[in-house]
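Computed from a prediction, not measured in an experiment: that's the story for all the values here. To find a chain, count down the sequence lines: A is the first, B the second, and so on, and within it residues start at 1.
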There are 2 protein chains.
Amino acid sequence: MATTELTATITDAEWRVMRIVWTLGQADSHTIIDLLVRQHDWKPATIKTLIGRLVKKGALGTTKDGRQYIYHPLIAEQAAMDTALATELNQMCAMCRGKAFVHAIDETELSQDDIQTLISHLQKKLTTAPTAVSCDCLPADYEGSC
Amino acid sequence: MATTELTATITDAEWRVMRIVWTLGQADSHTIIDLLVRQHDWKPATIKTLIGRLVKKGALGTTKDGRQYIYHPLIAEQAAMDTALATELNQMCAMCRGKAFVHAIDETELSQDDIQTLISHLQKKLTTAPTAVSCDCLPADYEGSC
DNA sequence: ACTCCACGTTTACAGTTGTAAACTCAATTT
DNA sequence: AAATTGAGTTTACAACTGTAAACGTGGAGT
């Protein structure tokens, strides 16, 4: 049941499948298909394809249960989320990430506990934070270096 | 110079081009190509393709300057970042977004000002925050509803 | 005026992704 | 035992991406 590090990335459509399995802990294809058909306009065949790809890329594991399989996650949900978010942020200008966080936090519904955790992490972070983070969009040696 | 709302999405490789133009405000292709060749192992031809695609999808505008073009952004950097981040977050379980933020903030270098802005936004947000945010990975009516 | 250069455009091509039908078998039903 | 069902696998196919070469043409240099 140890979750592994994933090499390949999970695509948008595949995320929908993973979320079902993450939330249920494990599920057979009938359950996954049934739930996703209700959430999207996907045909069962589409969902079968996605499940197959996730198994092939090592995001889902299988256990034989009589005639069918039970699928379970081979990667942790929080780890996948952290990686996806970090990848997205790393592609953006370092100087602008702070403002992006502000906007994202304004727009995201967060629980009181989450907010308090964030505040305390930020307060600790403040003690060692730099005065400014500089733009990293140009080569370091560029004349107008931002 | 008014930045527009973008229909199509900017791909990872295209982001690199946009960051150059955003940072410089405007640039001719020679400058863009020169800078990106130094940052990546891209051939000039590759960068020309990316510029062309960005113009076609309305992310970059052109101004004729004698024999060549000057490119300038048609979408705002911060808006693009906000949209990209929101899209990424919306694909994740609502219940887990808070923890994802904590991890992302721990791993991101932020300036003192940014941190203080975040803290104050969070403190204000705390006053109206729900006790908990529930998982939205399954259809609302599902038996085991998370 | 002729040549060359370089800028933007066209074409190329394999891999990924979204979307889905068709097919293969083992198991269940009649 | 034959027919049916349904789970997983194969095949399909267009659009999007990353990566890049080839091409056409209007100026710059001679």
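The nearest whole Å value for the distance from the CD1 atom in A:Ile32 to the P atom in D:dA7 is 12 Å. The OH atom of A:Tyr71 sits 10 Å away from the P atom of D:dA7 (whole-angstrom rounding). As rounded to whole Å, 11 Å separates atom P of C:dT17 from atom CG of A:Leu54. Note: CD (A:Gln68) to P (C:dT28) measures 11 Å, nearest angstrom. Between the NE2 atom of B:His30 and the P atom of C:dA6 there is a distance of 9 Å, rounded to whole Å. The interatomic distance linking A:Tyr69 (OH) with C:dC25 (C1') rounds to 12 Å, in whole Å.
A pairwise comparison of heavy atoms in B:Leu89 and A:Ala104 identifies CD1-CB, 4.0 Å as the closest pair.
In the helix from C:dA1-D:dT30 to C:dT30-D:dA1, the rotation axis of the first five pairs and that of the last five pairs differ in direction by 10°, rounded to 10 degrees.
A salt bridge between A:Lys57 and A:Glu14 is present, with a side-chain N of the basic residue lying under 4.0 Å from a carboxylate O of the acidic one. Contact check on A:Asp136 versus B:Arg19 returns a salt bridge, with a Lys/Arg side-chain nitrogen under 4.0 Å from an Asp/Glu carboxylate oxygen.
For residues 61-71 of chain B, the pairs satisfying side-chain hydrogen bond (donor to acceptor under 3.5 Å, both in side chains) are B:Asp28-B:Gln68, with sequence neighbours left out.
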5' to 3', nucleotides 18-24 of chain C under a 4.0 Å protein heavy-atom cut-off (B base, S sugar-phosphate only, - none) gives BBBB---

